[in-house]
> 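The structure is given below, and queries will be raised subsequently.
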Amino acid sequence: MIQTITRLDQLRATVTAWKREGLRIGFVPTMGNLHAGHYSLVKLARQHADRVVSSVFVNPTQFGPNEDFTRYPRTPDADTSGLQAAGCDVLWLPEVEAMYPFGVELAAKVHVPGVSAVLEGAHRPGHFDGVCTVVTRLFNQVQADVAAFGSKDFQQLAVIRQMVADLQVPIEIIAGAIVREDDGLAMSSRNQYLSPQERAVAPLVHRTLLAMRDAMQAGVQRAVVEADADKALRDAGFVPDYAVIRCPDFSEPADGAGGARVALIAAKLGRTRLIDNLEFVLPG
Ligand code: PAF
C-alpha cells in the first residue's frame, strides 16, 4: 500500500529506516497529473532500487508570469492510485511552505550556466533556475540513491545532469524513454489543454521530428531541414519557438560531420506549448 507523506520529518524517518536496512532508494520527481510516461519512470526506478519515492509538487518557481501555473492540472486521487499500481512506495506531497521555508522570494536559488541558457532557457527565462532550485531541494529531502527523469524534457535532463556533476550531488541520474500515444504524440500533462481539433493536429510535431531526421540522414543541409520543419509546423497552425538540429550538448553541428544528433521542437498550438525531441545518429 502506498504511503502519502506530507511532512519532511516523516519522510526523513521513513527513508532513514530503509537505509538502515541497506535498501537502495529510487526517486521520481513530478508535478502530478500523472500519465503512462510518469509511471514508466516509476517502473524504471524500481528496476534500479528497492524502494521508490515519487513527489508531486507543482513548482511555482519554474513557471513564467504568463505561463500555466494556476491552471496546471491537479489530480491527486488519480495520481495516488496510479503510483500505487506502478509500484511506488511513498508519495511525497510537500506544501509550498515545506519546499520554500523562507518563502519563494527569499529562496536560495540554483543556477546552472551554459546549458540552461539556450532553447528552452532562452524562451522561458528563469525556467531552469526554478527546476534546479526545486530538484536540489527534492534531492536533499528524499536522499535517494538514484533518480529517474523523462527524455521528453531532453534539455531538462542535460541541465540536471550538469547540476549533479557540478555540485557533486551523490545521486545517479537515469533517463526514461519518451512514451507516446499511438499516433506519435509525446505524452504530456499539457496535452489535455488541446481542443479536439488541436489534438488531431498535434502529432505533426513527432512526424516533423521524423522528417528532420530522415532529411539529415539523406544529406540535406541543416539550415534547409530546420527551415522546412518550421514551415511545416506554421502551415499546420503551430507557432514554433524552435525546430532545430543540435549535438547532444546543444552545440550547432558542422555541416557534413557525423555523430550523435538530436532534433528538438517547441511549438505553440493555440494556448498549448508542446515540446518533443528525437535522438539519432548521422554516419560520419
Ligand atoms: O519535469 C517535471 O515534471 C518538473 O520539471 C520537475 C522535474 C518535477 C521539477 O518540478
Side-chain angles (χ1 to χ4, degrees), residues 11 26-42 44-45 52-64 67-76 78-80 82-83 86 88 90-100 104 107-112 115-116 119-121 123-142 144 146-164 167 169 171-179 186-193 264 266 272-277:
L11 178 69
F27 177 46
V28 181
T30 82
M31 297 205 302
N33 193 244
L34 305 179
H35 50 67
H38 297 110
Y39 299 134
S40 74
L41 294 177
V42 172
L44 178 68
V52 175
V53 176
S54 187
S55 60
V56 171
F57 181 70
V58 186
N59 173 36
T61 66
Q62 70 186 78
F63 289 81
E67 293 186 356
D68 54 344
F69 173 64
T70 44
R71 72 180 178 123
Y72 197 85
R74 285 141 169 105
T75 49
D79 292 350
T80 309
L83 283 171
C88 179
V90 161
L91 166 56
W92 169 225
L93 207 56
E95 297 290 340
V96 175
E97 295 72 29
M99 190 60 72
Y100 295 107
V104 165
K109 295 188 179 61
V110 180
H111 173 70
V112 176
V115 65
S116 285
L119 301 179
E120 283 302 280
H123 287 275
R124 303 183 67 190
H127 169 66
F128 285 126
D129 292 357
V131 169
C132 289
T133 297
V134 82
V135 169
T136 301
R137 286 156 194 263
L138 287 162
F139 284 174
N140 286 339
Q141 291 161 356
V142 178
V146 55
F149 289 83
S151 297
K152 185 174 85 72
D153 296 301
F154 185 87
Q155 194 177 357
Q156 169 173 281
L157 186 57
V159 169
I160 295 206
R161 284 192 196 282
Q162 168 102 6
M163 177 185 86
V164 163
L167 298 181
V169 185
I171 194 164
E172 182 191 348
I173 304 297
I174 52 175
I178 301 175
V179 179
M187 289 198 184
S188 165
S189 303
R190 291 187 166 104
N191 290 349
Q192 64 193 267
Y193 299 153
L264 301 127
T272 310
R273 188 171 183 278
L274 301 174
I275 67 168
D276 199 354
N277 69 83

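Just follow the structure's listing: the first ligand is 1, and inside any ligand the first atom is 1.
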> Ligand 1 and N59, any nitrogen or oxygen pair closer than 3.5 angstrom?
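N59 vs ligand 1: no N/O contact under 3.5 Å.
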
> Is the side chain of N277 donor-acceptor paired with the backbone N or O of S151 at a distance under 3.5 Å, no angle test?
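Here the side-chain-to-backbone pair exists.
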
> Identify the residue among V115, L167, L157 that makes a side-chain contact (heavy atoms from CB on, under 4.5 Å) with Q162.
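Considering V115, L167, L157, a side-chain contact (heavy atoms from CB on, under 4.5 Å) with Q162 is found only for V115.
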
> At a 4.0 Å threshold, what atoms of ligand 1 neighbour a non-hydrogen atom of T30?
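Under 4.0 Å from T30, ligand 1 has these atoms: 8 (C).
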
> Could you tell me which atoms of ligand 1, counted from 1 in the order shown, lie closer than 4.0 angstrom to a heavy atom of V134?
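Per the distance check, 9 (C), 10 (O).
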
> Answer side chain, backbone, both or neither: which part of I160 comes under 4.0 Å from ligand 1, heavy atoms only.
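Neither part.
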
> If you draw the axis of the six-membered ring of F154, does the NZ or CZ of R161 fall within 45° of it and under 6.0 Å from the ring centre?
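Checked: cation-pi criterion not met.
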
> Return the closest protein heavy atom for atom 4 (C) of ligand 1 as residue, atom name and distance.
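Of every protein heavy atom, Q62 NE2, 3.7 Å lies nearest to atom 4 (C) of ligand 1.
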
> Between R190 and E67, is there a salt bridge with N-O shorter than 4.0 Å?
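R190 and E67: not salt-bridged.
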
> Mind checking whether F63 and Y72 have parallel, tilted or perpendicular rings, split at 30° and 60°?
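Taking Y72 first and then F63, their aromatic rings stand perpendicular (interplane angle over 60°).
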
> Looking only at N/O atoms, are Q156 and ligand 1 under 3.5 Å apart anywhere?
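Such a contact does occur with ligand 1.
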
